[in-house]
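Quick note on labels: first sequence line is chain A, next is B, and so on, each numbered from 1.
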Amino acid sequence: MIGPEQLAPVVRDALDRAGLPDRAPTFERPRQREHGDWSTNVALTLAKPVGRSPRDIAQAIIDHLGTVDGVHEIDVAGPGFINFHVARDALGDVVRQIVTAGAEWGRSQRASGAVNVEFVSANPTGPLHMGHGRQAAVGDALANLLEAVGWDVTREYYFNDAGRQMRLFSDSVTAVSRGEEPPEDGYHGAYISDVVDEIERDGGTDDLGEAAYERILGRITGTLDAMRVHFDVFFGERALHPDGVAKALAALGDHVYTADGATWLRTTSFGDDKDRVLIRSDGEPTYFAADCAYMADKFSRGFDRLIYVLGSDHHGYIKRLEAIADAFGYDRDRIEIVMHQFVNLFRGGAPVRMSKRTGEMVTFDELLEEVGTDAARYTFLRYSRDVPIDFDLEAVVQADRANPVYYVQYSSARIAGIMRTAHEAGLQPSNIDDADLALLDTDAEQELIRVLSTYPEVVALAADERAPQRIARYAERLAEHFHRFYTECQVVGDDRDLSTARYWLVVAARQTLVNALGLLGVTAPERM
RNA sequence: GCGCCCUUAGCUCAGUGGAUUAGAGCAUCUGACUACGGAUCAGAAGGUCGGGGGUUCGAAUCCCUCAGGGCGCGCCA
């Protein structure tokens with residue numbers, strides 16, 4: 001469909017012919033449908049320098065535009081906007097374009113380079129919980145989006161398998177295996193004895209802590225599999241000791257100093273609130289030291305950019321991470337923190353208590369089992385990262401219009417239903433070039449096509465803003481327009497040519513829905 | 001105390017590339033089943049975009065400020 005690329009040069013020519021100063025016009029999608037498909041405010045921006053009224057300028061531009069291919073109508077509106085209405089028959093081309101592009105529809109090469117997306121990164125000392133679930137969904141969808149616009153993406157999971165916490169975990173497991181209480185500040189959950197029993201049943205081990213750690217990591221990857229999240233790299237902190245950390249400290253050079261028996265990084269030089277300890281006075285390196293070595297490791301692997309997906313409780317790390325990058329001398333723009341708010345669990349409007357102590361905690365595994373992967377992922381992804389999510393176990397499985405997951409998936413099932421009916425009726429066109437897509441001329445069809453045509457813009461914006469919810473909201477808008485089309489237009493009918501044209505429109509709608517939901521990691525079911 | 005985020009319709013939330021009459025779902029009210037899945041559709045009603053200043057021809061959107069709410073500020077991990 002015609003867009004800014006075609007309209008901009010035409011408008012510039014008109015500016016020239018109208019004797020107006022040259023200016024690169026910007027175009028936007030008007031909010032109001034009556035304002036057409038594209039709009040430019042170029043006349044408004046010229047009003048001041050030219051000293052004429054915006055509407056007057058707009059009219060002058062239009063007078064010199066002449067006719068524009070694919071545009072049906074151009075008018076001046078409001079304070080001086082020039083609105084372009086795309087020709088109805090031009091919309092058929094959109095359908096053809098979508099069907100031809102298939103799975104590539106909406107993807108682009110607007111970005112390039114290698115990006116590392118680190119997310120979840122929960123330590124394998126216990127099962128994943130709700131917060132990790134949102135993190136998994138957001139991180140994975142973000143990775144999908146980045147791939148869709150041309151990035152070469154690596155999904156990475158980092159975990160601490162060294163240091164004090166690891167020893168504490170090991171001690172806890174060992175205590176439990178002897179029938180004793182874990183240390184006060186150790187790990188107490190029921191899963192500890194589960195894992196211990198499991199190991200003993202399988203013939204024991206000579207390193208219980210290690211074996212338990214591996215088992216829990218295995219459980220976590222199992223949960224992630226169920227979530228359809230697959231990492232390219234699982235990176236254990238141990239790989240950074242001692243060489244990586246030593247090299248990192250050396251590379252940090254003058255920014256490192258000793259005081260009070262400890263070794264510090266002068267992060268305050270780079271905007272942090274206080275300096276951070278690298279090596280404690282007892283000689284033990286902190287996790288912060290490992291974080292430094294880890295960043296250096298990532299960059300050494302050739303990434304152009306590092307993205308850290310973090311829960312809002314970690315926002316204090318932003319300055320710290322940026323300070324590390326600065327201290328190493330990396331361009332700060334090459335690291336990016338993508339934050340998201342937390343998740344509150346409800347059941348039928350009542351909060352579900354979450355307590356590690358009492359074991360009332362709902363693990364993410366249990367949640368997935370109860371609501372399913374599609375509902376979980378979709379619910380985590382349809383909200384802006386900036387708002388906390390109230391995740392209601394009942395509302396999320398509710399099967400009606402109130403639940404957007406089902407609303408969207410139902411449109412997918414309906415599409416599949418049409419396909420089945422069409423095939424039974426012998427309607428199964430193989431070549432879209434033979435179809436007369438200009439027959440798609442009802443309002444419902446035209447509006448559906450218009451929504452379809454904006455998909456690539458939505459993907460680009462969602463990727464740029466790291467905003468997966470834009471894809472979810474788009475899918476809802478698409479479903480809405482499809483349902484209306486479904487209600488008003490019979491696809492499989494007596495008029496063969498019309499049926500064929502509508503068949504292709506349905507194919508295009510399905511393709512777009514599949515592509516959009518695919519970015520979210522949600523399925524487009526054929527039956528429900 | 002400092003920092004980050006949030007405050008938009010009765011409720012839950014979009015919209016924050018400045019711009020033409022601020023959107024959706026739920027709830028409320030009125031309609032649509034002799035056609036491909038009514039798990040749907042059409043319509044009505046509902047908002048001084050937390051308050052107050054400012055920038056701009058134009059602000060939900062940018063800046064300042066105040067008020068509420070969430071989170072974070074370790075030689076913890």
Side-chain angles (χ1 to χ4, degrees), chain A residues 26 28 30-32 34-36 39 41 44-45 47-48 53-54 76-83 123 125 160 163-166 168 185 237 259-264 272-288 290 311-319 339-342 344 349 382-390 392 395 398-404 406-407 409-411 413-422 424-425 427 444 461 464-465 469-470 472-473 476-477 479-480 482-494 499 502-503 506 527-528:
Chain A
T26 57
E28 61 182 27
R31 235 171 283 187
Q32 299 291 320
E34 309 81 66
H35 298 144
S39 179
N41 67 349
L44 280 76
T45 67
K48 204 169 204 176
S53 86
V76 180
F81 289 97
I82 301 173
N83 294 333
N123 283 342
T125 51
N160 301 113
R164 192 179 102 84
Q165 211 61 24
M166 181 66 204
L168 203 52
D185 48 355
E237 184 199 349
D260 304 327
T263 303
W264 302 70
D272 198 2
D273 304 322
K274 53 174 299 183
D275 290 343
R276 306 290 165 178
V277 172
L278 290 161
I279 312 280
R280 301 190 330 202
S281 51
D282 64 4
E284 178 141 18
T286 62
Y287 283 176
F288 180 68
S312 58
D313 56 334
H314 285 74
H315 74 251
Y317 288 17
I318 296 177
K319 281 182 180 171
M339 279 203 309
H340 63 82
Q341 295 291 317
F342 265 68
N344 301 307
R382 82 177 289 267
Y383 299 95
S384 153
R385 291 181 285 107
D386 289 333
V387 313
I389 295 175
D390 288 343
D392 194 307
Q398 196 180 313
D400 60 27
R401 181 73 172 89
N403 184 352
Y406 277 84
Y407 183 71
Q409 290 198 318
Y410 181 53
S411 70
R414 270 188 151 177
I415 288 172
I418 292 174
M419 297 300 216
R420 287 191 290 270
T421 304
E424 283 162 20
L427 179 68
L461 189 60
D464 289 351
E465 294 183 349
Q469 90 275 3
R470 286 192 182 272
R473 304 290 173 159
E476 289 166 31
R477 190 148 35 97
E480 187 182 320
F482 176 79
H483 283 309
R484 178 168 173 214
F485 158 76
Y486 179 93
T487 302
E488 297 187 5
C489 303
Q490 177 73 15
V491 175
V492 184
D494 296 333
S499 292
R502 286 180 173 168
Y503 177 92
V506 171
R527 292 177 199 277
M528 289 171 68

Chemist: Given the P atoms of C33(B) and G38(B), what is the spacing between them in whole Å?
Modeler: 13 Å
Chemist: For Thr286(A), enumerate each residue passing the side-chain hydrogen bond (donor to acceptor under 3.5 Å, both in side chains) test, keeping only those at least two apart in sequence or located in another chain.
Modeler: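 In terms of side-chain hydrogen bond (donor to acceptor under 3.5 Å, both in side chains), with neighbours along the sequence ignored, Thr286(A) is linked to no residue.
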Chemist: Using a heavy-atom cut-off of under 4.0 Å over every strand shown, decide if Ser384(A) touches base, sugar-phosphate, or nothing.
Modeler: sugar-phosphate
Chemist: What contact category does Pro30(A) fall into here, base, sugar-phosphate, or nothing, at under 4.0 angstrom with non-hydrogen atoms?
Modeler: base
Chemist: Taking side-chain hydrogen bond (donor to acceptor under 3.5 Å, both in side chains) as the definition, give me every residue that meets it alongside Asn403(A), ordered by chain and number, with sequence neighbours left out.
Modeler: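 Residues passing side-chain hydrogen bond (donor to acceptor under 3.5 Å, both in side chains) with Asn403(A): none at all.
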Chemist: NA contact type, Asp464(A), heavy-atom cut-off 4.0 Å: base, sugar-phosphate, or nothing?
Modeler: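 No contact.
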Chemist: Taking the P atom of each, how far is A42(B) from G25(B), in whole Å?
Modeler: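 These two P atoms come out 8 Å apart once rounded.
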Chemist: All N/O contacts under 3.5 Å from nucleotides 67-73 of chain B to the protein, with atom names and distances to one decimal?
Modeler:
unit_1: C71(B); atom_1: O2'; unit_2: Ser312(A); atom_2: O; d: 3.4

Chemist: Arg31(A): what forms a side-chain hydrogen bond (donor to acceptor under 3.5 Å, both in side chains) with it, not counting sequence neighbours?
Modeler: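 Arg31(A) satisfies side-chain hydrogen bond (donor to acceptor under 3.5 Å, both in side chains) with no residue once adjacent residues are dropped.
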Chemist: By the 4.0 Å heavy-atom rule, please label Asn403(A) as base, sugar-phosphate, or nothing.
Modeler: nothing
Chemist: Is it the case that Arg477(A) places NZ or CZ above or below the six-membered ring of Phe482(A), under 6.0 angstrom from the centre and within 45 degrees of the axis?
Modeler: no
Chemist: Quick one: is C76(B) close enough that its OP1 or OP2 comes under 4.0 Å of any side-chain N or O from Arg280(A)?
Modeler: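 Result: yes.
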Chemist: Is the phosphate of U16(B), meaning OP1 or OP2, less than 4.0 Å from a side-chain N or O of Arg31(A)?
Modeler: no
Chemist: Could you run down nucleotides 33-46 of chain B 5' to 3' and tag each one B, S or - for protein heavy-atom contact under 4.0 Å?
Modeler: --BBBSBSSS----
Chemist: Return whichever of Pro285(A) or Glu34(A) has its heavy-atom-nearest nucleotide of RNA chain B closer to the 5' end.
Modeler: Glu34(A)
Chemist: Would Arg414(A) and Tyr486(A) count as a cation-pi pair here, with the cationic atom under 6.0 angstrom from the ring centre and within 45° of the axis?
Modeler: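 Yes, a cation-pi geometry holds between Arg414(A) and Tyr486(A).
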Chemist: Which part of the nucleic acid does Arg164(A) contact within heavy-atom distance under 4.0 Å: base, sugar-phosphate only, or nothing?
Modeler: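 Sugar-phosphate contact only.
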Chemist: Taking atom P of G25(B) as reference, at what distance in whole Å does atom CD of Gln398(A) sit?
Modeler: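 The answer, rounded to whole Å, is 15 Å.
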Chemist: Pairing of RNA chain B as dot-bracket, 5' to 3': ( ) intra-strand, [ ] crossing, | other strand, . unpaired, with Watson-Crick or G-U pairs under 3.5 Å?
Modeler: (((((((..((((.........)))).(((((.......))))).....(((((.......))))))))))))....
